Amino acid sequence: MMRTRTQYIPIEEAEADMVLGAPAVVSQHGIVRYSLPIGHVLTEDNLHQLKAHQAEFVFIATPDTRSDEQVAVDAALAARRTMEIFAGADLSDPTMAYLFDQVLAYRSA
């Protein structure tokens with residue numbers, strides 16, 4: 001199984017043949033107007049529809065060609081930077097600890 005790397009990109013940068021790393025859901029007033037499932041390969045029509053429904057970003061998955069060693073180095077750098085960002089935070093607070101975990105997971109992807 002090929003390792004992938006995910007990232008949010010502006011809809012203007014999205015291209016046909018990109019793969020969604022998370023569902024793309026556009027809603028208005030709590031009503032889903034347009035959605036595509038995780039793993040969906042984007043088409044020109046999908047991109048047109050997303051733009052027409054005023055989507056701003058999509059979460060895409062791309063092949064991760066980094067070596068295992070580089071992945072480890074990048075993860076360590078992300079962890080160190082996240083610790084710097086949260087240096088003054090009270091991580092015993094459950095809400096702050098949850099935020100820290102989410103930021104760390106996002107930055108390590």
Side-chain angles (χ1 to χ4, degrees):
M1 182 176 192
M2 183 188 313
R3 185 172 50 210
T4 59
R5 196 166 189 187
T6 54
Q7 67 181 30
Y8 281 99
I9 62 169
I11 193 67
E12 293 81 19
E13 294 178 17
E15 299 176 0
D17 297 326
M18 287 184 167
V19 177
L20 292 177
V25 180
V26 181
S27 59
Q28 186 177 32
H29 304 293
I31 298 170
V32 174
R33 299 291 184 194
Y34 189 74
S35 68
L36 297 168
I38 187 173
H40 181 81
V41 178
L42 292 172
T43 65
E44 289 295 335
D45 185 57
N46 296 149
L47 293 170
H48 175 74
Q49 289 293 324
L50 286 164
K51 290 174 185 174
H53 286 91
Q54 299 177 344
E56 295 180 20
F57 294 89
V58 288
F59 195 63
I60 61 160
T62 57
D64 188 349
T65 58
R66 297 175 298 167
S67 68
D68 291 341
E69 293 79 18
Q70 188 61 51
V71 170
V73 167
D74 291 349
L77 290 172
R80 184 173 48 200
R81 179 65 182 130
T82 303
M83 288 300 294
E84 290 171 1
I85 292 168
F86 282 82
D90 177 7
L91 295 180
S92 66
D93 173 7
T95 302
M96 189 59 67
Y98 178 77
L99 178 61
F100 173 83
D101 290 343
Q102 295 302 306
V103 170
L104 180 59
Y106 176 76
R107 293 180 68 94
S108 298

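For clarity, every value in this text was computed on a predicted model and none was experimentally measured.
By the rule that hydrophobic residues join a cluster once side-chain heavy atoms approach within less than 4.5 Å of another member, Ile85 and Leu104 end up as members of one cluster. Both Val26 and Ile11 belong to a single network of hydrophobic side chains, linked directly or stepwise wherever heavy atoms of I, L, V, M, F, W or Y lie under 4.5 Å apart. Side-chain heavy atoms closer than 4.5 Å link hydrophobic residues (I, L, V, M, F, W, Y) into clusters, and following such links, even through other members, never connects Leu20 to Val25. Hydrophobic clustering of Ile, Leu, Val, Met, Phe, Trp and Tyr side chains at less than 4.5 Å, counting indirect connections, keeps Val58 apart from Ile38. Under a hydrophobic-cluster definition in which Ile, Leu, Val, Met, Phe, Trp and Tyr are linked whenever side-chain heavy atoms come within less than 4.5 Å, directly or via other members, Tyr8 and Val19 are assigned to different clusters.
Gln7 is listed as a side-chain neighbour of Ile60, based on a closest heavy-atom distance under 4.5 Å. Proximity of Met18 to Ile9: side-chain heavy atoms (C-beta onward) are separated by under 4.5 Å at one or more points. Between Asp68 and Arg3, the closest side-chain pair of non-hydrogen atoms falls below 4.5 Å.
The line from CD of Glu44 to CD of Glu15 is 8.5 Å long, rounded to the nearest 0.5 Å. Distance CG/Leu50 to CZ/Arg33: 15.0 Å, rounded to 0.5 Å. Rounded to the nearest 0.5 angstrom, Asp93 CG and Tyr98 OH are separated by 14.0 Å. With values rounded to the nearest 0.5 angstrom, Thr43 atom OG1 is found 9.0 Å from Gln49 atom CD. With rounding to the nearest 0.5 Å, the separation of CD in Glu13 from CZ in Phe57 is 9.0 Å. Distance NZ/Lys51 to CD/Glu56: 13.5 Å, rounded to 0.5 Å.
With sequence neighbours excluded, the residues satisfying side-chain hydrogen bond (donor to acceptor under 3.5 Å, both in side chains) with Tyr34 are Asn46. Shown here are the side-chain hydrogen bond (donor to acceptor under 3.5 Å, both in side chains) partners of Gln54, two or more places apart in sequence or in another chain: there are none.
Taking all atoms of both residues into account, the shortest heavy-atom contact from Arg107 to Thr82 is CD-OG1, 3.3 Å. The shortest heavy-atom contact between Asp90 and Met96 is O-CB, 3.4 Å.
Within a 6.0 Å sphere centred on CD of Gln70, heavy atoms belonging to other residues, nucleotides or ligands number more than 12.
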